[in-house]
Structure formats: structure tokens, C-alpha cells
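Residue numbers start from 1 in every chain, and the chains themselves are labelled A, B, ... in the order their sequence lines are given, proteins ahead of strands. Computed from a prediction, not measured in an experiment: that's the story for all the values here. Note: hydrogens, waters and symmetry copies are ignored here, and every other heavy atom, side chains too, is used.
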Amino acid sequence: MTTPIVNEPAAPSDFIRDVVADDLRSGKHTQIHTRFPPEPNGYLHIGHAKAICLNFGIAHEFGGVCNVRMDDTNPAKEEVEYVDSILADAKWLINGWAEESLGLKPAGKTPEKQLAGDKLDFQLSAIRNPKSEIPVEPFHASDYFDQFYEYALQLVRKGKAYVCDMTPEETDEYRRLGKESPFRNRSTEESLDLLARMKAGEFPDGAHTLRAKIDMSSPNMWLRDPVLYRIRHAEHHHTGKKWCIYPMYDFAHTLSDYIEGITHSVCTLEFEVHRPLYDWILASLDLPRALPHQYEFARLNLTYTVMSKRKLMQLVNDGLVNGWDDPRMPTISGLRRRGMTASALRAFAYNIGITKYPSMTDVAVLEHTVREEFNRTAPRRLAVLRPIKVVITNYPDGQVEELDAVNNPENPSAGSRKIPFSHELFIESADFMETPPPKYFRLRPGGEVRLKYAYIIRCDEVVKDEAGNVIELRCTADLESKSGGPTSNRKVKGTIHWVSAAHAIDAEARLYDRLFTVPEPDADGDFKSFLNPNSLDVVTAKCEPSLKNADPGVRYQFERLAYFAIDPDSQPGKLVFNRTITLKDTWAKEAKKS
RNA sequence: UGCCUCGUAGUGUAAUGGUAGCACCAGAGAUUCUGGAUCUCUUUGUCAAGGUUCGAAUCCUUGCGAGGCAGCCA
């Protein structure tokens, strides 16, 4: 496996990193601690990749730690399958870059009670970049359910929370109206008793909630006595049947940040209005250690795709794609299978920046970033996707020459290889036209073209079948024009790729294209109606023999066509390549004009 | 409707009171044994109106527009 050339870009700058730098400079924090807190209810996508690059990027650049944490407080939606895929995807993305910042914890470990006078304090430290024998796992909010409960009791005792008996509908109604719950002022003792019985399983789902007592007249809905706990008689993927009350996001997330010693809690814009509640929870508990602070940035939107987990799940469940890791999916696992590299994804995250403006990023930026890297790193190979036979009439049948082919013109140290040339070849059917349009400078009847690394040939005869399809071209080679030879200087307008028919090996080539035909498939109407019917085209390619030993860790450029990666379906003797991204094709653009 | 946040070329992002830059996209050309890559050039921008200031994309006011929140989801 060749080592890719990876140039990490200079450290980026944005309003969040500015804050972090200031906090370090002012001494507010001496150690930066971020976290990546997905809910394990789906696969990670490129939007999460942006968040990972931000959170791990900050940790990496400032010598801090970034915890991977499952925000798993809703047993109805979460599964271990997702926990596993999330960790794997996150690790893949940071590997070779920020893995020294990865924060995990010893398996099974829960927060420890700290001595802090009469103040309630729980703490759980990360193991940074764990390599030891001891089993480790990601952090789980559900590992803190005991601690959350103690904090909840604390809030009730302080008169800052109460058990409410209203139905969900009533709760909504009252919050909308800014009306206080009739249970708001019930005694601490009664709330304590009810809460204990909620926990003990005495009540059915929805019978009671624990609510923060804040301000029903607040213009911010999240301060109108938000629910902290609800009753859910459901088995949890991580805590099993231990609990029948589960904390809500705001309560769990805020305290998870505190318990883990997070300094900068970075999330997306929709949580902006939650920040006052985040701060309220921390302040109300009178916590002794440094408090985390929340910052928000705009999530990623990409053209020609959808990003919501719900819609991605729909594509999977409706069989419109072949699973979460279908190479057309914007999931990290899909992009990986497609052939994108972690370094390219990181470069993309760097390119698009971090702001609070809810933007729509052109997928062309991603494509450009990938091409940029692959142009530097990808070994070149010759392969023909849609072959048409060419017979070199003046080249002896049975003769074989080994010609020199450059591996990567952008990287001389990549060296060269030999490719066989013989009497019968395949060329790309698109590289021949019987009646070509203007400016077409590939092969035509009577015309000349150079076979890359080989000879200039002239097309003498076009052989057709009964239906009129071109099935063979009979050509003569200018034997003086051999590449690298002393008389090879003659110029012709076009150079095309080819493979020797006798030596070519077959490979399945999966040609992927954008999943949707419109830039914003979820702007209006049913996004599924904009699916691109041509998002996958499978052909049997004719490949130069060296590709027989294609390396799954290498991205290849099939010259003049595209970048390809080996698919996991590939087996010895049955190669499968995924087209990651085409080369830029200015001829296609030119041809389109006329 | 209320509240919060955000408005800089087509798109994405810099400029932190002092020359409005960069990247992508698009277009033109050069070059090329990849119609790739590379190189050169071009079009296009501070939402609007007031105000503060020697000077405003930046600060203030108002308006307009966009996004988010108003689950016992996260």
C-alpha cells in the first residue's frame, strides 16, 4: 500500500476558535475539552463530518481532548448498531490527524462523586488516545442516569423543579399561553415523593413529568418550565431495563458536558434558543467546577443531496439505495465506500469554514477538493469502460511490446510501469465518431490519434455489424511514432487511452453520479421524486493487467476518465471498482453547446 | 404571531473603524502524449435607508429578507 501524500492545511480560523484562543490566553481555561455528541439513531453523514472536524480540530490545534459521546436519552430511537458505526466513522475521519485528541473512557466506568463541601459534584475523565489493554468505549449520556437523577433531586429540593401531572397536550397549551401549571407550587416533599415513584415505575408513560421551575412568561419557550424527565417504560440499548424515566436532551446534555469537564460545547444553530436553559441548569445546581459554555454554528447543507437522518433512513428503508453505506449516500460510510478519503473530507471541512449563516454549499466544492487531492496522489492506469475493438493491421499478430507508462505526472517519484501493446486493442467507444462534430479531435475515419504511451494510429476502415453498429476499427500505426522513441515528435491533436485486448482484465466498474437531479431536492415537493435514475451505471471495464493487484487503500485515476477505488465487494479474480469522481470534462461541456 | 440568530460576487468564505480579498462555479486564452493538471486573464458583491466618524462591510436606529425555536425528539 502506498502512502498517500497528505498536506494538512494551515490551522483554520473562525469565531469559535477565536473564543477558544482567547479563553486560553486569558487563563479562563488551561486545557481545552470539546466533545462530539451524536444521538445513536442513524449513521453519521458529511454534516457530522463537519462537526467532527470542528470539535476534533479545536482539540487538536489547542492540545486538548474531544470526547466521543452517545447522546442516548431516548430509548425508542437508539440502537447499538448505530453506536458502533458512529465510533468507527469518527475514528476513520480523525485517523492520521487528530487521534491523539480522541477522548474515550474505560468500559463500564461511571462518574465519580467529588468532594466539594455540600455541593453535588460528579466527574468522569477521558482517557486520551487510549492504546492500553483496558477495554474502552465512547462516553454515553446514559452512563450518567444515576447522577442526573441525583441532580434532579437537588433541583427539586432547591425549589427549582417540580413534578407535573398535566398531559402532553395540556403542557403544550399552557406553555404556549404562558400559563403556570396547577402543580407548579406543590410542595417539595410531594414532588420528591412523586419523582421517586416515577422512577420506581408506579406510573404509566406520560402520567407525570419533572419540570424545571423557571419562568412561564419568558419570551423564550425553552424557559417556560421545560420538561426535564419523562416516563418511558422502554428498554434502553445501553442501560437495559434499569430505568423507566429518561432525562430530556437539555438536562442530560448540559450535565454530561459538565461531568466530562467540557470547556467548549459546540453545537448547531437550532440549539441557540436552548442556551439560556443550558446556562440555567448549570447555574441552578451551584456546581463547583468550571462551567462549560455553548457555542453554535451553521450545519452543513449540500446541493444535490439530502442530509436529514429521517430522509436518509427513508432512502435506505424504501430500498432506493443499497444501505447506509451506498456510495451515493452522503453518509460517512457511503462516502468512504465511494472512495473518498478522510483527508479529502477534512480538507473540504476546512474549505467551507464555520459561520452562523445557514448556507447551501455547492457539492462542486466537495468534488473539487477530492480531485485536488487525488490529482496529487492517484497512480494513473489505463482502462476502457465501454470498449470498441481496434486492430492494428500493420502490427504483427502475436507480437507484444512492453511500453513505459508514467504512474503520476504530478509526482515523478511515483515512477513508471510497463503496459503491453499488441495487434488487437480496445479503445473507448466515445473516442471514435464516424461523423464527428466540430472541434472533435479524437479518432474518425481517415483520422489520426495518438495512443497514449504508444503509437499514432490512423483509422483506415470501419467494420459494422448487420444492424449498422461499429464493431471494429482497422487501423495502421505509424511505427516511427512510438512514445519515447527518437522519432516520436510528430504531433497529433488527440491522445486517447487503450488496452491490449489479449492482456486486458475485466473488472466491474460502478459508475456513480449524483443521487438527485436538482440542487435542492428537499426544497419543495417529495424529495424522492427528484432521484437521479442514472445515479448508478454498471459496466464491465477492460483494464490494463497491472490492475489485477489493485490495492483497496489506493485511489486510481483511469486516465481521461475518473478516479476509482476498490469496492469491498471486490475479490481476487473479480475486481469491482467504484467511480469516486470523474475527471473534469471540458469536452462534454463543449459538446453540449452544439 | 412571539422570541433568537444571521444578511459581503452565482455559491462558500475573509477583512475585528483604515486599499473589499480568497476559493469554487462560469467565461476567454496559453500550454499539454490525459479535452486531466498547470498558467494568464475576465464578469459579478457589502440587503435598504438614515445616523455616528476624517474615514463604516464593521458601530447605532429603523425597515426588509432569510433561517431557527414554540416535542414528554435530539
Engineer: Using a 4.0 Å heavy-atom cut-off, does Asp172(A) contact any base of the nucleic acid, only the sugar-phosphate backbone, or nothing at all?
Structural biologist: sugar-phosphate
Engineer: Go ahead and name the base partner of C6(B); Watson-Crick or wobble counts if both distances stay under 3.5 Å, otherwise write none.
Structural biologist: G65(B)
Engineer: Pick one: which of Arg380(A), Gln557(A), Arg417(A) meets side-chain hydrogen bond (donor to acceptor under 3.5 Å, both in side chains) with Asn407(A)?
Structural biologist: Arg417(A)
Engineer: Quick one: label Glu272(A) by what it contacts on the DNA or RNA (base, sugar-phosphate, nothing), any heavy atom closer than 4.0 Å.
Structural biologist: sugar-phosphate
Engineer: Using a 90° cut-off around 0 for syn, call G71(B) syn or anti.
Structural biologist: syn
Engineer: Indicate whether Tyr249(A) forms a stack on A74(B); treat it as stacked only if centroid distance is below 5.5 angstrom and interplanar angle below 30 degrees.
Structural biologist: no
Engineer: Distance check needed: A37(B) P versus Glu373(A) CD, whole Å only.
Structural biologist: 16 Å
Engineer: Identify the pairs formed between an N or O of the protein and an N or O of nucleotides 20-25 of chain B at a distance under 3.5 Å, and give each distance.
Structural biologist:
{"residue": "C24(B)", "atom": "OP1", "partner": "His368(A)", "partner atom": "NE2", "Å": "3.3"}

Engineer: What does Phe251(A) touch in the nucleic acid at a heavy-atom separation under 4.0 angstrom: a base, only the sugar-phosphate, or nothing?
Structural biologist: nothing
Engineer: Report the distance from atom CZ of Arg560(A) to atom CD of Glu428(A), rounding to the nearest 0.5 Å.
Structural biologist: 7.5 Å
Engineer: How about Phe15(A) and Phe297(A): are their ring centroids closer than 6.0 Å?
Structural biologist: no
Engineer: Take atom C1' in A74(B) and the same atom in U16(B), then report the distance between them in whole Å.
Structural biologist: 34 Å
Engineer: Would you say C33(B) has OP1 or OP2 under 4.0 Å from some side-chain N or O of Lys491(A)?
Structural biologist: yes
Engineer: Distance check, P atoms only: A48(B) and G10(B), in whole angstrom units.
Structural biologist: 13 Å
Engineer: Select base, sugar-phosphate, or nothing to describe what Ile352(A) touches, counting heavy atoms under 4.0 Å on all strands.
Structural biologist: sugar-phosphate
Engineer: Does Arg232(A) have a side-chain nitrogen or oxygen under 4.0 Å from the phosphate oxygens OP1 or OP2 of C73(B)?
Structural biologist: yes
Engineer: Do Phe251(A) and Tyr151(A) have ring centroids that are under 6.0 Å from one another?
Structural biologist: no
Engineer: For the pair made of CE in Met313(A) and P in C73(B), what is the distance, rounded to whole Å?
Structural biologist: 17 Å
Engineer: Is the distance between the ring centroids of Phe564(A) and Tyr556(A) under 6.0 Å?
Structural biologist: no
Engineer: What is the nucleic acid contact for Thr303(A), judged by heavy atoms within less than 4.0 Å: base, sugar-phosphate only, or nothing?
Structural biologist: nothing
Engineer: side-chain contact (heavy atoms from CB on, under 4.5 Å) for Phe516(A) and Val306(A)? Distances and angles first, verdict last.
Structural biologist: CA-CA 9 Å; Phe516(A) 292 94; Val306(A) 293; 4.1 Å; yes
Engineer: Rounding to the closest angstrom, what is the interatomic distance between A9(B) and U42(B) at atom C1'?
Structural biologist: 13 Å
Engineer: Please give the distance between the C1' atoms of C41(B) and G7(B) as a whole number of Å.
Structural biologist: 32 Å
Engineer: Has Arg380(A) got a side-chain N or O lying under 4.0 Å from the OP1 or OP2 atom of G36(B)?
Structural biologist: no
Engineer: P atom, U44(B) versus A20(B): distance in rounded Å?
Structural biologist: 16 Å
Engineer: Using the P atom in both, what is the distance from U8(B) to C47(B), to the nearest Å?
Structural biologist: 6 Å
Engineer: How about Tyr82(A) and Tyr43(A): are their ring centroids closer than 6.0 Å?
Structural biologist: yes
Engineer: May I ask you to check whether His274(A) and Tyr278(A) place their ring centres under 6.0 Å from each other?
Structural biologist: no
Engineer: Mind checking if Arg442(A) touches a base, just sugar-phosphate, or nothing, with heavy atoms under 4.0 Å?
Structural biologist: base
Engineer: Could you please name the partner base of U58(B), counting Watson-Crick and G-U wobble pairs only when both distances are under 3.5 Å?
Structural biologist: none
Engineer: Look at all strands and tell whether Phe271(A) reaches a base, only sugar-phosphate, or nothing, counting heavy atoms closer than 4.0 Å.
Structural biologist: base
Engineer: Would a line drawn from the ring center of His236(A) to the ring center of Phe145(A) be shorter than 6.0 Å?
Structural biologist: yes
Engineer: Before giving the answer on side-chain hydrogen bond (donor to acceptor under 3.5 Å, both in side chains), spell out for Tyr455(A) and Glu480(A) the whole-Å C-alpha distance, their side-chain angles and the decisive distance to 0.1 Å.
Structural biologist: CA-CA 8 Å; Tyr455(A) 302 92; Glu480(A) 302 294 302; over 6 Å; no
Engineer: Starting at CD1 of Ile46(A) and ending at C1' of G12(B), how long is that distance when rounded to a whole Å?
Structural biologist: 14 Å
Engineer: Could you tell me whether the phosphate oxygens of C33(B), OP1 or OP2, come under 4.0 Å of any side-chain nitrogen or oxygen in Ser483(A)?
Structural biologist: no
Engineer: For A74(B), does either OP1 or OP2 sit under 4.0 Å from a side-chain N or O belonging to Arg230(A)?
Structural biologist: yes
Engineer: So, does Thr495(A) get its side chain near the phosphate of G35(B), meaning an N or O under 4.0 Å from OP1 or OP2?
Structural biologist: no
Engineer: Between the base of A70(B) and the side chain of His274(A), is there a donor and acceptor pair under 3.5 angstrom?
Structural biologist: no
Engineer: So what does Lys356(A) touch, heavy atoms closer than 4.0 Å: a base, only the sugar-phosphate, or nothing?
Structural biologist: sugar-phosphate
Engineer: Looking at C72(B), G35(B), C73(B), which one has an atom nearest to any side-chain atom of Glu39(A)?
Structural biologist: C73(B)
Engineer: Mind telling me whether Tyr295(A) and His293(A) have parallel, tilted or perpendicular rings, with 30° and 60° as the class edges?
Structural biologist: tilted
Engineer: For Ala207(A) and for Arg275(A), locate the closest nucleotide of RNA chain B by heavy-atom distance; then report the residue assigned to the nucleotide nearer the 5' terminus.
Structural biologist: Arg275(A)
Engineer: Check whether any side-chain nitrogen or oxygen of Arg450(A) sits under 4.0 Å from OP1 or OP2 of U34(B), and answer yes or no.
Structural biologist: no
Engineer: Categorize Thr369(A) for me: base, sugar-phosphate, or nothing, with a 4.0 angstrom heavy-atom threshold over every strand shown.
Structural biologist: nothing
Engineer: Over all strands shown, is Glu296(A) touching base, sugar-phosphate only, or nothing at heavy-atom distances under 4.0 angstrom?
Structural biologist: nothing
Engineer: Any base atoms under 4.0 Å from Pro409(A), or only sugar-phosphate, or nothing? Heavy atoms, all strands.
Structural biologist: base
Engineer: Stacking here means centres under 5.5 Å and planes under 30°; does Tyr357(A) stack on G7(B)?
Structural biologist: no
Engineer: Counting only distance, no hydrogens or angles, is the base of G36(B) paired donor-acceptor with the side chain of Glu410(A) under 3.5 Å?
Structural biologist: yes
Engineer: Select base, sugar-phosphate, or nothing to describe what Ser359(A) touches, counting heavy atoms under 4.0 Å on all strands.
Structural biologist: sugar-phosphate
Engineer: With sugar-phosphate meaning primed atoms plus P, OP1 and OP2, does Gly484(A) contact a base, only sugar-phosphate, or nothing at under 4.0 Å between heavy atoms?
Structural biologist: base
Engineer: Using a heavy-atom cut-off of under 4.0 Å over every strand shown, decide if Tyr453(A) touches base, sugar-phosphate, or nothing.
Structural biologist: base
